[in-house]
*Asks:* 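Would you mind keeping the following structure in view while I ask a few things?
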Amino acid sequence: MPDHPPALVLFTHDLRLEDQPALAAAAAEGGPVVPLFVLDEETPGAWRLGGAARWWLHHSLAALADDLARRGAPLVLRRGALAATALEVARETGARVIHAGRAVEPWLRDALARLAERAAREGMKVRLHETRFLIDPAALRTGAGGVYGVFTPFSRAAFAALAGLPPPAPAPERLRALTPSPPSLALSALDLLPRKPDWVGGLRATWEAGERAAQARLAAFRPKLPRYHRLRDLPAEEGTSRLSPHLHWGEISPRTVWHAALAEAGAAGEGARKFLTELLWREFAAYLLWHHPDLPERPWRAEFVHFPWASDPALMRAWARGRTGIPLVDAAMRALWREGWLHNRLRMIAASFLVKHLLIPWQEGEAWFWDTLVDADLASNAASWQWVAGSGADAAPYFRIFNPVLQGRKFDPAGGFIRRFVPELARLPDDHIHAPWEAPPLVLAEAGVRLGATYPYPVVDLAQGRARALAAYAALRGSEGREGAGRG
Ligand code: FAD
């Protein structure tokens, strides 16, 4: 009997072995398995990988290559346009089927569609599997057959659809390798790590990439689930899972995370249920991007095209570098720079300050986050920036403007987070650390703070910034009345 031809597995955002349906399907064919990763720096255009994501990817690929080698099938690394390169490897190896995960990113969807089309012309097949998400965006529809634009009904429908979600599948024990293995680039040839200067020290100290690290993080988080709903808003506590980069790169399957939380939902009650709902925000963002491919660039609510945002390079730089003079915003932005990650509440506060108090276009903040987050995710980043800006699906109403001082007093009352990332303010008493410009001169002097010298004055008066934002919004409402509502 003739042997089975090899099957190609094209890894994208599913860099794991457990519960990896594309890998499982390739292994199930019975022939050799050729695992492939293609670094495509051209096709994504403006959305090619940011700096922090490149660092993560390097280490994630190293871990995946190790794990695959241990099961018998070495990872093949290539560079180039995704469709053409995958096809090339399929031809080289004689593979008849290419297995890959389904995508939501417009560039990746197009590339996979191109690959399927070209493969078909050569008598090969591309099979897409659900490797990244719990919900199939094409399948989940409103009662009337429409697309959900509001989270609560989406999540209700999603919870119902997930009632019988099968448990995660184990990793294949052995993989049959193709001999000889097709040529592969060395990982270092992908050039993912920064050259000089080495700005990734904070990332190195904070994170470990790869499937085993992801599983360990989930295991460490599980005992915290019962308190998740109470601690998740406090940046100085480690109350959230920090699974976002692992989920983004697919080092852990969302099914694994879902089932782990579900198993605790009885005992952990409200905490676990809240966590499951947060996982659905990730699904909602992917769903929105799938249905609205221009979400990263254009406001979901069309009337926001007319919003009077104004670029301001000096203010943008002050924000990005954590030099706005607003302590909680600065602590957040410095933490992001150092660790490549930010607590959700701080993402909201920093983003709101940029688009509301400074009136800078949300796309500029989105681009900065894209470059600096290890979990930079086209769908979640775009949907969240639009949520904060008020232009998104089910967005925060524009007039609800976070006051970063009050937010700080509520969610970081002792200023622990600020003291950690803005050390020049560390000696201020709790009462004054959130608004040093209001502190009496003696208090500042005792803490060694000289405003305008050791720490900046606020780049904007918070009350004036808020009034300006509300006026801009009122003008938009006027034009909306004239021009009609957006996409709705
Ligand atoms: P947990 O609280 O432990 O939640 C578990 C998981 O649920 C997360 O890992 C994440 O996958 C998902 N999740 C939780 N909250 C959200 C949310 N609001 N939207 C989407 N998914 C969510 N998340 C990203 O993964 N990548 C991004 O690029 C990104 N950009 C953001 C930009 C802004 C302006 C804002 C306000 C939020 C952004 N988020 C993004 C969402 C959220 O802040 C992070 O997912 C969360 O902080 C990750 O921390 P965690 O893993 O500890 O979350």
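Order of listing sets the numbers, starting from 1, for every ligand and every atom in it.
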*Asks:* Given the ring of Trp385, does Arg347 sit roughly above its face, with NZ or CZ under 6.0 Å from the centre of the six-membered ring and within 45° of the axis?
*Replies:*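 That pair does not qualify as a cation-pi contact.
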*Asks:* Under 4.0 Å from ligand 1, counting heavy atoms only, is it the side chain of Leu342, its backbone, both or neither?
*Replies:*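 Answer for Leu342: backbone.
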*Asks:* Salt bridge or not between Glu105 and Arg132? Use side-chain N to carboxylate O under 4.0 Å.
*Replies:*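 The answer is yes: the pair qualifies as a salt bridge.
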*Asks:* Looking just at side-chain N and O atoms, do Gln386 and Ser391 make a donor-acceptor pair shorter than 3.5 Å?
*Replies:*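 There is such a pair (donor and acceptor under 3.5 Å, judged by atom type) between the side chains of Gln386 and Ser391.
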*Asks:* Does ligand 1 have a heavy atom under 4.0 Å from the side chain of Trp370, from its backbone, from both, or from neither?
*Replies:*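 Neither; nothing of Trp370 gets under 4.0 Å from ligand 1.
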*Asks:* With only distance considered, is Thr240 within less than 3.5 Å of ligand 1 through an N or O on each side?
*Replies:*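 For ligand 1, there is an N or O atom that lies under 3.5 Å from one belonging to Thr240.
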*Asks:* Which residue owns the protein heavy atom closest to atom 13 (N) of ligand 1, what's the atom, and how far is it?
*Replies:*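 For atom 13 (N) of ligand 1, the nearest protein heavy atom comes out as Glu278 O, 3.4 Å.
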*Asks:* Could you check atom 6 (C) of ligand 1 against the protein and tell me its nearest heavy-atom contact, residue, atom and distance included?
*Replies:*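 Minimum-distance protein heavy atom for atom 6 (C) of ligand 1 reads Leu279 CD2, 3.7 Å.
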*Asks:* Looking only at distances, can you tell me whether any N or O atom of Asn381, backbone or side chain, sits closer than 3.5 Å to an N or O atom of ligand 1?
*Replies:*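 Yes, at least one N or O pair falls under 3.5 Å.
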*Asks:* Of the protein's non-hydrogen atoms, which lies at the shortest distance from atom 50 (P) of ligand 1, and what is that distance?
*Replies:*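 Answer, as residue, atom name and distance: Arg242 N, 3.5 Å.
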*Asks:* Could you tell me whether Asp233 and Arg345 make a salt bridge, using a distance below 4.0 angstrom between a side-chain N and a carboxylate O?
*Replies:*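 Judged by the 4.0 Å cut-off on N to carboxylate O distance, Asp233 and Arg345 do form a salt bridge.
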*Asks:* If we set the cut-off at 4.0 Å for heavy atoms, which region of Asp377 has an atom near ligand 1: side chain, backbone, both, or neither?
*Replies:*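 It is both backbone and side chain that touch ligand 1.
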*Asks:* Which residue and non-hydrogen atom of the protein lie closest to atom 34 (C) of ligand 1, and at what distance in Å?
*Replies:*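 Of every protein heavy atom, Trp385 NE1, 3.6 Å lies nearest to atom 34 (C) of ligand 1.
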*Asks:* Can you confirm whether the side chains of Glu364 and Ser311 place a donor and an acceptor under 3.5 Å from each other?
*Replies:*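 Per modelled atom types, Glu364 and Ser311 side chains form a pair under 3.5 Å.
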*Asks:* Which protein non-hydrogen atom lies closest to atom 35 (C) of ligand 1, naming both residue and atom, and how far is it?
*Replies:*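 Closest protein heavy atom to atom 35 (C) of ligand 1: Ser384 CB, 3.2 Å.
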*Asks:* Answer yes if the side chains of Trp258 and Glu283 hold a donor-acceptor pair under 3.5 Å, and no otherwise.
*Replies:*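 No, because no side-chain N or O of Trp258 sits under 3.5 Å from a partner of the opposite role on Glu283.
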*Asks:* Is Arg109 close enough and on-axis enough to Trp290, meaning under 6.0 Å and within 45°, for cation-pi?
*Replies:*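 Yes.
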*Asks:* Under 3.5 Å, is there a donor on one side chain and an acceptor on the other for Glu251 and Ser60?
*Replies:*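 There is such a pair (donor and acceptor under 3.5 Å, judged by atom type) between the side chains of Glu251 and Ser60.
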*Asks:* Could you tell me whether Leu243 and ligand 1 have an N or O pair separated by under 3.5 Å?
*Replies:*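 For ligand 1, there is an N or O atom that lies under 3.5 Å from one belonging to Leu243.
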*Asks:* Under 3.5 Å, is there a donor-acceptor pair linking the side chains of Asp330 and Thr324?
*Replies:*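 On atom types as modelled, these side chains qualify, holding a pair under 3.5 Å.
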*Asks:* Under a 4.0 Å threshold between the charged nitrogen and the carboxylate oxygen, would Lys274 count as salt-bridged to Glu278?
*Replies:*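 Yes.
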*Asks:* Examine ligand 1 and decide if any of its atoms is less than 4.0 Å from a heavy atom belonging to Ala376.
*Replies:*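 Ala376 counts as a contact of ligand 1 under the 4.0 Å cut-off.
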*Asks:* Answer with yes or no whether Trp341 contacts ligand 1, where contact means a heavy atom under 4.0 Å from a ligand atom.
*Replies:*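 Yes; Trp341 lies near enough to ligand 1 that a heavy-atom distance drops under 4.0 Å.
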*Asks:* Under 4.0 Å, heavy atoms only, figure out whether ligand 1 is touched by the backbone of Phe275, its side chain, both or neither.
*Replies:*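 Just the side chain.
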*Asks:* Ignoring angles and geometry beyond distance, decide whether Tyr228 reaches within less than 3.5 Å of ligand 1 through its nitrogen or oxygen atoms.
*Replies:*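 Between Tyr228 and ligand 1 (N or O atoms, distance only) the closest approach is under 3.5 Å.
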*Asks:* Heavy-atom distances under 4.0 Å decide this one: backbone, side chain, both or neither, for Ser241 against ligand 1?
*Replies:*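 Both backbone and side chain of Ser241 come within 4.0 Å of ligand 1.
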